[in-house]
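Worksheet for the structure shown next.
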Amino acid sequence: MIAMALSGNPALLIADEPTTALDVTIQATILELMQEIRDRRNMAILFITHDMGVVSEIADRVVVLYRGQVMEIARVYDLFANPKHPYTQGLLNCRPRPNQRLKRLPTVSDFMQTRVGANGQVEIIPQPMSVVEQNPRFASISLAEQSDRAQYLAQQPPLLSVRHLTKAYLIRTGLWSRKTAFNAIDDVSFEVYPGETLGLVGESGCGKTTLSRVLLRLIEPTSGEVWFNGQSVFQLNESELRHLRQSMQIVFQNPYGSMDPRQSIGSALTEPMVIHNIGSSPEERRQKAIALLEKVGLDGSAMNRMPHEFSGGQQQRICIARTLTCNPRFIVCDESVSALDVSVQAQVLNLLKDLQQDFGLTYIFISHDLSVVKFVSDRILVMNQGKIEEIGPAERVYNHPTRDYTRQLVRAIPDATLEDIQVRQSRRLIAVES
């Protein structure tokens, strides 16, 4: 797509979220390529993104938009060093911080409130940044607290045990060649404890999604065992498997694609309860669905609306509510926040942590973004080419990785320091003036 856009040798390239759903290493490669082409062809780039980390890596100047209006225009260093508008402050603080682990992530609504004035115009009421920073909800989690939680989780018998799991596909490398086995999952073993969040990271094609689908027996393995709450998942008959799936659910990356566009939200939420015989009457199921919508930050009026009437963040909240209708114990979140903007992403991540505390949920959180995984996870499992590279406490894996592959993933995270931005900006000014 980039090659097609450049084929006409444009003076201006408009790049509309070109790296949003890509893993960090491919994203870093594409950002480097675009900067190289920009300098070689003396081309201007209008780069549209919600990721302030990407902005810090590629931009010279930044325009911040909110509700179709310009909130702030500044050189990239000035914007990051001293953001003027509360909306900008919110965007910069929504993303998980690499050097700090917070109990909750701030969102834009914590930095400003909106109201409709007498003239019908939307008025913005700023909240001082100092007040937000002093809010105990956004306090850091100490290393001692993380250690105590890790010890508590490890003292329990595992909820999910995976032993020597392998999933092979037969592929043909050439037109006349014989089919050979390709291991999408290659002899994987690990455990997940009740109430734990295990982060699963790796580049696209490393086997993350295949692993999640095998765990839920949406696809059959080639070999190995998966035990859930003392039951062998692969030895269950159809009736037993249906009962087990009530306890094992999944939230997909694309919320709109995982809902029937012809089905109302109320029908989508009550259907799983009908299948699993949850609730004694349609009215009881409806009331439970409304309660779950309120739990995820929506209201009962959503029951009669259709999926296309909601934003991407609202659709993902509905998918999470639908997952909870079955009273699950274990949920796989498969890239469930990858396509969301940073403020909505922060809201969904906070929601997942709240629901885990309220319902005692256990998560496998799949993502290619290590900073997001570090915020939400107790432990991190790094996959590469179907194998486990390393597994350990989130803080240790992120800050002190033992494998070169993990170090490469951490280095690829776009999050330039103010000093890096200042140096790059100075070089760019010199280059442009010359």
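Numbers here are sequence positions counted from 1.
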Is a donor on one side and an acceptor on the other found under 3.5 Å between the side chain of [X] and the backbone of [Y]?
X	Y	result
Thr107	Ser343	no
Arg285	Ile278	yes
Lys208	Gly202	yes
Ser140	Ser142	no
Glu309	Met306	yes
Asn254	Tyr256	yes

Consider side-chain contact (heavy atoms from CB on, under 4.5 Å). Of Thr362, Asp378, Ile380, Ile391, which one does Leu198 pass it with?
Ile391
Under the salt bridge (charged side-chain N to carboxylate O under 4.0 Å, His left out) test, which residues partner [X], sequence neighbours left out?
X	answer
Glu390	Arg396
Asp404	Arg407
Lys353	none

pair [X]-[Y]: side-chain heavy atoms closer than 4.5 Å:
X	Y	result
Thr49	Asp16	no
Pro18	Phe47	yes
Thr25	Gln408	yes
Phe252	Thr209	no

Distance check, rounded to the nearest 0.5 Å: Leu92 atom CG versus Phe111 atom CZ?
8.5 Å
Distance check, rounded to the nearest 0.5 Å: Leu216 atom CG versus Met248 atom CE?
5.0 Å
So Arg104 and Asp354, salt bridge (Lys or Arg N to Asp or Glu O under 4.0 Å) or not? Walk me through it.
CA-CA 9 Å; Arg104 293 177 63 84; Asp354 291 342; 2.8 Å; yes
Whether Arg217 engages the ring of Phe234 as a cation-pi pair (distance to the six-membered ring centre under 6.0 angstrom, angle to the ring normal within 45°) should be assessed.
no
Under 3.5 Å, is there a donor-acceptor pair between the [X] and [Y] side chains?
X	Y	result
Asp334	Gln253	no
Ser239	Asn237	no
Asn350	Lys103	no
Glu389	Thr406	no
His308	Gln315	no
Gln249	Arg322	no

Using a strict cut-off of less than 4.0 Å between a Lys/Arg side-chain nitrogen and an Asp/Glu carboxylate oxygen, indicate whether [X] and [Y] qualify as a salt bridge.
X	Y	result
Glu36	Arg40	yes
Asp369	Arg95	yes
Asp187	Lys387	no
Asp186	Lys167	no

Please report the closest heavy-atom contact between [X] and [Y], naming both atoms and the distance.
X	Y	value
Asp260	Pro307	O-CG, 3.7 Å
Cys326	Pro272	SG-CB, 3.7 Å
Leu105	Phe138	O-CE2, 3.7 Å

State which residues pass side chain to side chain contact (heavy atoms under 4.5 Å, CB included) with Glu225; sequence neighbours excluded, sorted by chain then number.
Arg163, Trp227
Before giving the answer on salt bridge (Lys or Arg N to Asp or Glu O under 4.0 Å), spell out for Glu238 and Arg242 the whole-Å C-alpha distance, their side-chain angles and the decisive distance to 0.1 Å.
CA-CA 6 Å; Glu238 185 176 344; Arg242 173 175 289 191; 5.2 Å; no
Once side-chain hydrogen bond (donor to acceptor under 3.5 Å, both in side chains) is applied, do any residues pair with Tyr405, and if so which ones, sequence neighbours excluded?
Glu203
Side-chain atoms of residues 82-91: list all donor-acceptor pairs with protein atoms under 3.5 Å, sequence neighbours left out, distances to 0.1 Å.
residue, atom, partner, partner atom, Å
His85, ND1, Tyr87, N, 3.0
Thr88, OG1, Glu72, OE1, 2.8
Gln89, NE2, Pro83, O, 3.2

Surrounding CD of Gln263 (heavy atoms of other residues, nucleotides or ligands, distance under 6.0 Å), is the total greater than 12?
yes
Report, as yes or no, whether the 6.0 Å neighbourhood of atom CD on Gln156 holds more than 12 heavy atoms from other residues, nucleotides or ligands.
yes
